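Reviewing the structure listed below.
Keep in mind it's a predicted model, so treat the numbers as computed, not measured. As a basis for the values below, the full set of heavy atoms in this structure was taken, side chains included, without hydrogen atoms, waters or symmetry mates.
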Amino acid sequence: MKTYTKREFLRMMGLGIAFMPFISCFGNGNNNETKTTGKPDPSGSKLPEKSEETIDLTKADPADVLLLTRSDKDYAVFNKAFNARVKKMPKYIALCKTEKGVSLAVNYAKQQKMPVAVKSGGHSFEGFSGNDGGMVINVSQMKKVTWEANDVVTIEPGCVLEEVQAALFAKRQLIPSGSCGTVGISGLTLGGGYGFFSRKYGLTCDSLKKVQMVAGDGKSYTADDKLLWACRGGGNGNYGVITKLTFKTHPMPATFTSIVLKFRNLTPERFTEAISTWFTVSETLAQEAFSAFVLNGSTLTVLATTYGSNSQLEAAIKPIVTIADSVSRTMDQNLPLAMKRYYGRKGPILFKNASAGLYRNFDDIKQIATSIFNKVVQNKGLIYQINTLGGAINNTAMEQASCYPHRALPYLSELQAYWEQPAREAPLLKAFQEIQDMILDAGITAQYRNYPDINFKNWQQAYYGDNYAALQKIKQQYDPENIFQYPQAISLP
């Protein structure tokens, strides 16, 4: 068998690391399914049968896995994350191409008694896909997409959203995923996942039918009901490394309409009028519609979209259109082309983003809305955004089948800070935390796992509600030695 140098291997596999949060995105311009089981999956490449087996990862077939150390020039390439604020230095990066490679890497980490983090796109807001002194299992090169019967698709975890959409749109199908093209499909799905199509089809994880995972024991499992429940909203890298995700897909609409409203030089009074009107309007949106409310300094942008009835959307948003300073419309654009408008730009960049609470309605933030407005206006680089959830997301059957606990809360807010000059970081992060404190003091405790904040005090309940103890039991089953760990990872009971 031919052996490859590291340079040859990297050329063979290609690169691709990027990310951009939602506001920056829209600101720029046939195998049959197998029955799920919690037992090891004997299919595919032969995996190591015993974790005690001595493994030398430096001698593994580079078509399966390549071990990078800090002295390798390609270490920096694969250690790069989108968030330039968070810097991690793992001892090893295991660049995996196959499930066998993942298993070898897990067992090697166990032998070395080092913690493991999992990286696909490197998009974690707080750098949870990296670590210091441990191993990072990098699956960014695992990009196969396989169509099965009945419009079911299996996707490897290294695929990013623009690659997933290209494969699905070619079949005129979609999954209800996000908007930024460089977000990894694995992390997006495992933490919940939402976007333009979620109010009709649910969260991304609600379309997840099956996962295959190399667990903390180094063996491959096809998920049983409990593990699948945990993978629908429980976050990435807690129990093992996902190597395949299988989704049911949905018919792709032909066209997509977007309407953008602008409010400029807002005063606190105009801001209050705009946000209260937006909440009233957004409650009436059809399931095919979506809206985002984005405050950047004293400028407010409201995005409203639909792939359903344009006239229905126009009627719903009329009250806020009448008070906006300007309105621009892009009607009935080819949907695949329209999605590319939201793919965003490549990093790394300096930023801090986090969930800023899930809300029932305007009453939840009415008493603090003006204070948030003033803080954003006073601190250039801060952005406060609210997105519509609701619709099919609040579905009883979907709730029972997933650990995502916030179905009844139809609004998700996020706080963002961007800077280029290092001197701006400290004051922006101070203002950022002050807004988070306002939100917590207002009694808002529910937060979105995919938008973590390292400063959340009670993150276990904030992300998972009453489901955290059940997730700990699953952790104990699949990763009893706590190989997979990072700040805010599911812990052993």
Side-chain angles (χ1 to χ4, degrees), residues 21-24 26-27 259-285 290-304 316-328 351-390 409-419 424-448 451 453 455:
F22 178 75
I23 173 57
S24 301
F26 93 70
I259 303 175
V260 177
L261 316 180
K262 289 285 187 180
F263 297 76
R264 300 178 179 86
N265 301 315
L266 285 173
T267 62
E269 293 75 21
R270 270 201 89 205
F271 171 76
T272 300
E273 178 189 23
I275 193 170
S276 61
T277 304
W278 180 80
F279 270 100
T280 299
V281 161
S282 61
E283 290 176 348
T284 69
L285 294 177
F290 168 90
S291 187
F293 178 99
V294 187
L295 178 67
N296 184 354
S298 62
T299 298
L300 169 65
T301 301
V302 172
L303 172 69
I317 67 173
K318 184 176 180 180
I320 197 167
V321 168
T322 60
I323 63 172
D325 293 329
S326 66
V327 184
S328 60
F351 72 94
K352 180 177 173 70
N353 287 12
S355 172
L358 288 104
Y359 313 146
R360 294 168 299 171
N361 50 44
F362 182 49
D363 288 343
D364 283 355
I365 58 167
K366 188 174 183 178
Q367 300 304 316
I368 60 172
T370 300
S371 298
I372 293 174
F373 169 79
N374 289 332
K375 192 67 69 174
V376 171
V377 171
Q378 293 162 9
N379 293 273
K380 184 178 180 180
L382 278 184
I383 295 172
Y384 175 66
Q385 178 169 337
I386 311 172
N387 307 306
T388 54
L389 299 179
L409 299 173
Y411 297 97
L412 168 61
S413 68
E414 55 182 297
L415 193 58
Q416 309 170 22
Y418 301 94
W419 61 92
R424 291 291 301 145
E425 179 175 351
L428 275 175
L429 294 187
K430 181 176 182 292
F432 191 105
Q433 187 59 47
E434 288 169 349
I435 294 177
Q436 291 288 51
D437 290 342
M438 290 181 202
I439 292 167
L440 182 60
D441 290 345
I444 297 166
T445 59
Q447 303 289 356
Y448 179 43
Y451 296 169
D453 191 328
N455 296 319

Side-chain heavy atoms of [X] within contact of [Y], under 4.5 Å:
X      : Y      : result
Leu429 : Trp419 : yes
Phe373 : Leu300 : no
Val321 : Leu261 : yes
Ile275 : Ile365 : yes
Val302 : Ile317 : no
Phe279 : Ile386 : yes
Thr272 : Thr370 : yes

Would you compute the distance between atom [atom1] of [X] and atom [atom2] of [Y] and round it to the nearest 0.5 angstrom?
X      : Y      : atom1 : atom2 : answer
Glu273 : Ile320 : CD    : CD1   : 9.0 Å
Phe271 : Tyr384 : CZ    : OH    : 7.0 Å
Leu415 : Ile435 : CG    : CD1   : 5.0 Å
Leu428 : Gln433 : CG    : CD    : 13.5 Å
Glu283 : Trp278 : CD    : CH2   : 9.5 Å
Leu382 : Lys375 : CG    : NZ    : 9.0 Å

Closest non-hydrogen atom pair between [X] and [Y], with its separation:
X      : Y      : answer
Ala356 : Ser413 : O-OG, 2.6 Å
Ala316 : Thr284 : CB-OG1, 3.6 Å
Ala442 : Ile368 : CB-CD1, 3.9 Å
Asn353 : Ala417 : OD1-N, 3.8 Å

Report yes or no: do Asn455 and Gln436 form a side-chain donor-acceptor pair below 3.5 Å? no
State, without any angle test, whether Asn387 and Glu414 hold a side-chain donor-acceptor pair at a distance under 3.5 Å. yes
So, does [X] use its side chain to make a donor-acceptor pair with the main chain of [Y] at under 3.5 Å?
X      : Y      : result
Ser291 : Thr388 : no
Arg270 : Asn265 : no
Thr301 : Val294 : no
Ser355 : Gln447 : no

Taking only residues two or more places apart in sequence or in another chain, which ones pass side chain to side chain donor-acceptor pair (under 3.5 Å) with Ser326? Arg264
The side chain to side chain donor-acceptor pair (under 3.5 Å) partners of Asn374 (sequence neighbours excluded) come to none
I'd like to know whether the aromatic ring centres of Tyr411 and Phe293 sit less than 6.0 Å apart in this structure. no
Take atom CD in Gln378; do more than 12 heavy atoms of anything else shown fall under 6.0 Å from it? yes
